[in-house]
Amino acid sequence: MSASRALLLSVVAMLLHLVTCTTTTTTTTISTAATLHYTITKAKTKASSYPDFQLLSVKQAITETKIKPLKPSQYQELSMNNPNDGGSEGRQKLKLFHRDKVSFNSKLHNHSHVFHARMQRDVKRVASLIRRVSSGSAASHEVEDFGSEVVSGTNQGSGEYFVRIGVGSPPRSQYMVIDSGSDIVWVQCKPCTQCYNQTDPLFDPADSASFMGVSCSSAVCDQVENAGCNSGRCRYEVSYGDGSSTKGTIALETLTLGRTVVENVAIGCGHMNQGMFVGAAGLLGLGGGSMSFVGQLSRERGNAFSYCLVSRATNSNGFLEFGSEAMPVGAAWIPLIRNPHSPSYYYVGLSGLGVGGTRVPISEDMFQLTELGNGGVVMDTGTAVTRFPTVAYEAFRDAFIDQTGNLPRASGISIFDTCYNLFGFLSVRVPTVSFYFSGGPILTLPANNFLIPVDDAGTFCFAFAPSPSELSILGNIQQEGIQISVDGANEFVGFGPNVC
């Protein structure tokens, strides 16, 4: 086992942390193939209060900000040398790459520049997500700003993740951005009235033997939000929060995921696209609606998928896997909550937050989803930074500040108001940060998931921010490194047991 892999396993061993309790507990110990051991505990009484700390490797985190990303040709070579794993029979598995691992613009190597642009786009993402949730998806024709994620290759985005799939017959390899809050699969297509630059050649339906247009009277067209009709063909149009958009026709097409071929997938063939989508060919929607890729697979494969967002702290790859067979044995499961007003999003129950092994005094009502569809906690792969309602965030932040009084402070940067000057440190001792899920496990994050470098000079910030509404969002920085599984059929979300 490599030293970096061993370090990752030791860090993630704290992810599902055993909190000492004053009475008996129910405990399950899991051992993975990588001999990683950790404990999941459901406490039956209030947890005892005592400081709980871990080490943050400052030197390693700063070093990683200076690593130049791969060029697209190197990424493609990596994909060919390490082909996507189709998994066992009936499963589709893809390698998942963080956008920082691939650059389509050689000028974007300055970590501070990338960070500030990412945060600006993250603010737009959150604002448009909140607008959609507030208005209800059925009443709104504006989908959340995934323009901030698909920009991945050429401009800075909000922490997007790429997969590479084949489109058509024969399959044409394309970069796709995953989005757990979107209910459409689309790619740019020829003939293109208006298209942005992408890495791979534009998909040409004329070259695909499996491409089949969808009529306006078809059942598929009935499921498309904001569908239109032109010359008998079903049309779609999606506008995003930053002014980006995609327009085109709906078709049935074959998608190839690793060694698995999926036929008759309803996709959008975009003939007029604009905005910040540069680099990727389109988007693979993983939302809870019937037209997302997961929704379309639900009848044959089960409404389920599992992913691991590759950590910025490693050189490993993440993964994305589909089907009920992908649900792992040994995960810690919590209930999946549905919001009928916003069915695209995956909600979870959060009862509280912890710092240093001590639960912060925040009312559980702060995280509740109301009957009107307000509030609640959404898990979102497209949002980078986790948001909590202002009152909850401030109590959480203040608890962290109280336990980091020995660290030199720095001025706030961008959306972060709690930062530290760690220049010259090799490592620092920081309090643990935990999520208390309703009736479920306590998820304790590794230090790299909540204290992140914002430049290459030693400035680190507490990677949380206040929400401009009652909605909480669990962003991808906090999700990194641990397997997360969504079992839509049985209404559960699982954490672990694997890492990436």
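Just so it is clear, the values below take in all heavy atoms, side chains as well, and ignore hydrogens, waters and symmetry mates. The first residue in the sequence is number 1, and the count goes up from there.
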### Task
Could you check F293 against F322 for ring-ring contact (aromatic ring centres under 6.0 Å, His included), going step by step and ending with a plain yes or no?
CA-CA 9 Å; F293 186 66; F322 298 98; 4.9 Å; yes

### Message
Return the CG to CG distance between L309 and L320, rounded to the nearest 0.5 Å.
### Response
9.5 Å

### Message
Side chains of P453 and F115, heavy atoms from C-beta outward: is any pair under 4.5 Å?
### Response
no

### Query
Does R338 reach the side chain of P343, with side-chain heavy atoms less than 4.5 Å apart?
no

### Query
Taking C-beta and beyond as the side chain, do W333 and P328 meet within less than 4.5 Å on heavy atoms?
yes

### Min side-chain heavy-atom separation F367-I362 under 4.5 Å
yes

### Task
Would you indicate whether the side-chain heavy atoms of V428 and F460 approach each other to under 4.5 Å?
no

### Query
Where is the tightest heavy-atom contact between N449 and Q478, given as atom of each residue plus distance?
O-NE2, 2.8 Å

### Side-chain H-bond candidate by donor/acceptor type, S306 with Q483, under 3.5 Å
yes

### Message
Quick check: do T432 and F53 have side-chain heavy atoms less than 4.5 Å from each other?
### Response
no

### Message
Please report the interatomic distance OH(Y307) to CZ(F319), rounded to the nearest 0.5 Å.
### Response
11.0 Å

### Task
First locate atom OG1 of T418, then atom CZ of R409, and finally report the distance between them rounded to the nearest 0.5 Å.
5.5 Å

### Task
Find out whether V310 and L96 are in side-chain contact, i.e. whether some heavy atom of one side chain is under 4.5 Å from a heavy atom of the other.
no

### Query
Does R387 pair with D380 as a salt bridge, N-O distance under 4.0 Å?
no

### Task
Using the test ring-ring contact (aromatic ring centres under 6.0 Å, His included), find all partners of F396 that sit at least two apart in sequence or belong to another chain.
F388, F462, F464

### Query
For the residue pair Y346 and F305, is the inter-centroid distance of their aromatic rings smaller than 6.0 Å?
yes

### Message
Run D179 and R125 through salt bridge (Lys or Arg N to Asp or Glu O under 4.0 Å) and show every step you take.
### Response
CA-CA 12 Å; D179 189 348; R125 165 80 180 198; 3.0 Å; yes

### Summary
Looking only at heavy atoms, the pair that brings A463 and I477 closest together is CB-CG2, 4.5 Å

### Task
Evaluate the side-chain proximity of Y347 to S342: yes if any heavy-atom separation is below 4.5 Å, no if none is.
yes

#### Entry: Gap separating the OG1 atom of T358 from the CG atom of L353, nearest 0.5 angstrom
13.0 Å

### Query
Is a side-chain donor-acceptor pair under 3.5 Å present for S434 with T444?
yes

#### Entry: Inter-residue atom distance D455.CG - I413.CD1, 0.5 Å rounding
5.5 Å

